[in-house]
Amino acid sequence: YSTTKIKSIEKVGEDFYWDLQVPNTNNYTAHGCVHHNSGKSHAGAAFAIIESIEDPMPNGLIAANTYKQLTNATLTTLFRLCDEFAVEYHYNQNKGWLSIEDAHWYVYSLDNYDNLRGIEVGRFWADELRDASPEAFSVMLGRLRDRKAKKLKGRVTTSPNGYDYL
């Protein structure tokens with residue numbers, strides 16, 4: 001196991017993203033490995049890292065449907081990817097504040113979405129939004145208004161089912 005500092009990031013275009021789900025078991029076997037999910041959180045973590053490096057100025061928001069999801073999957077995936085690519089990060093759990101390189105992100109669960117009121121962000125990543133209420137999504141979208149952002153951006157990584165408003 002070794003890491004290397006990222007020297008550059010280059011956009012090469014867009015491609016299809018496949019989300020596999022197997023009814024009842026929610027996992028599948030590929031090349032002898034059992035996979036539970038298809039990498040949605042990994043894609044969201046990559047979004048947060050790339051955004052942090054390319055445009056560190058606007059504050060961001062990383063959210064998940066519940067605090068358990070946020071700590072056990074969303075942030076775990078993000079920190080693992082940061083470690084893998086030697087991306088510097090610092091997380092202050094008490095303040096709900098994460099720095100990735102020179103960028104700053106609020107970190108909140110959407111099961112208590114009233115805590116989002118009053119913040120302004122230029123981007124967000126919401127993980128497993130299917131189980132967050134439509135009101136939580138609406139409040140989160142209302143926070144997307146930081147004038148320092150070159151372009152307002154939001155990414156959602158989620159499984160099917162749950163609330164049907166998505």
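All values reported here derive from a predicted model rather than from experimental measurement.
- Side-chain contact between Tyr113 and Glu135 is present, with at least one heavy-atom pair separated by less than 4.5 Å.
- In this structure, the separation between NE2 on His104 and CG on Asn92 is 12.0 Å, given to the nearest 0.5 Å.
- Counting heavy atoms from C-beta on, the side chains of Leu144 and Val121 come closer than 4.5 Å.
- Within the model, atoms CG of Leu81 and OG1 of Thr77 stand 8.5 Å from one another, a figure rounded to the nearest 0.5 Å.
- More than 12 heavy atoms of other residues, nucleotides or ligands shown are found within 6.0 angstrom of NZ on Lys148.
- Listed by first and then second residue, the salt bridge (charged side-chain N to carboxylate O under 4.0 Å, His left out) pairs that reach into residues 109-119 are Asp114-Arg117, sequence neighbours excluded.
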**Message:** Working note: Arg143 + Phe124, criterion side chain to side chain contact (heavy atoms under 4.5 Å, CB included); need CA distance, chi angles, decisive distance, verdict.
**Reply:** CA-CA 9 Å; Arg143 307 296 93 212; Phe124 71 80; over 6 Å; no

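- The salt bridge (Lys or Arg N to Asp or Glu O under 4.0 Å) test applied to Arg145 returns Glu120, not counting sequence neighbours.
- With sequence neighbours excluded, the residues that form a side chain to side chain donor-acceptor pair (under 3.5 Å) with Ser52 are Trp105.
- Panel note: side chain Arg130, backbone Thr158; no donor-acceptor pair is recorded below 3.5 Å.
- Between Val107 and the options Thr74, Leu98, Leu61, a side-chain contact (heavy atoms from CB on, under 4.5 Å) holds for only Leu98.
- Considering every non-hydrogen atom in both Ser41 and Trp125, the closest pair reads O-CZ2, 3.4 Å.
- In this structure the side chain of Ile49 reaches within 4.5 angstrom of the side chain of Leu78, judged on heavy atoms.
- Counting only distance, with no hydrogens or angles, the side chain of Arg123 and the backbone of Glu51 share a donor-acceptor pair below 3.5 Å.
- In this structure, the separation between CD1 on Ile62 and OG on Ser109 is 13.5 Å, given to the nearest 0.5 Å.
- Here the straight-line distance linking atom OG1 of Thr66 with atom CG of Asp131 works out to 8.0 Å at 0.5 Å rounding.
- Taken to the nearest 0.5 Å, the NE2 atom of His42 stands 5.5 Å off from the CD atom of Glu84.
- Under a hydrophobic clustering in which Ile, Leu, Val, Met, Phe, Trp and Tyr are joined whenever their side-chain heavy atoms come within less than 4.5 Å, directly or via other members, Met57 and Ile100 fall into different clusters.
- Counting only residues at least two apart or on different chains, the ring-ring contact (aromatic ring centres under 6.0 Å, His included) pairs with a member in residues 55-83 are Phe79-Tyr89, Phe79-Tyr91.
- The two residues Pro58 and Gly122 have their closest heavy-atom pair at CB-CA, 4.0 Å.
- Residues satisfying the ring pair (Phe, Tyr, Trp, His ring centres under 6.0 Å) test with Tyr106, not counting sequence neighbours, are Trp97.
- Taking both residues in full, the closest heavy atoms of Leu152 and Asp146 are given as CD2-O, 3.8 Å, listed atom of the first, atom of the second, then distance.
- A 4.5 Å side-chain heavy-atom check between Thr157 and Phe47 finds every atom pair outside the cut-off.
- A distance of 8.5 Å separates CD of Glu88 from OG of Ser99, quoted to the nearest 0.5 Å.
- Closest heavy-atom contact between Ala64 and Gln69: CB-CG, 3.7 Å.
- Partners of Ser138 under the side chain to side chain donor-acceptor pair (under 3.5 Å) rule, at least two apart in sequence or in another chain, do not exist in this structure.
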**Request:** Under the side chain to side chain contact (heavy atoms under 4.5 Å, CB included) rule, what do Leu110 and Leu116 come out as? Steps first, then yes or no, please.
**Result:** CA-CA 9 Å; Leu110 295 174; Leu116 297 176; 3.6 Å; yes

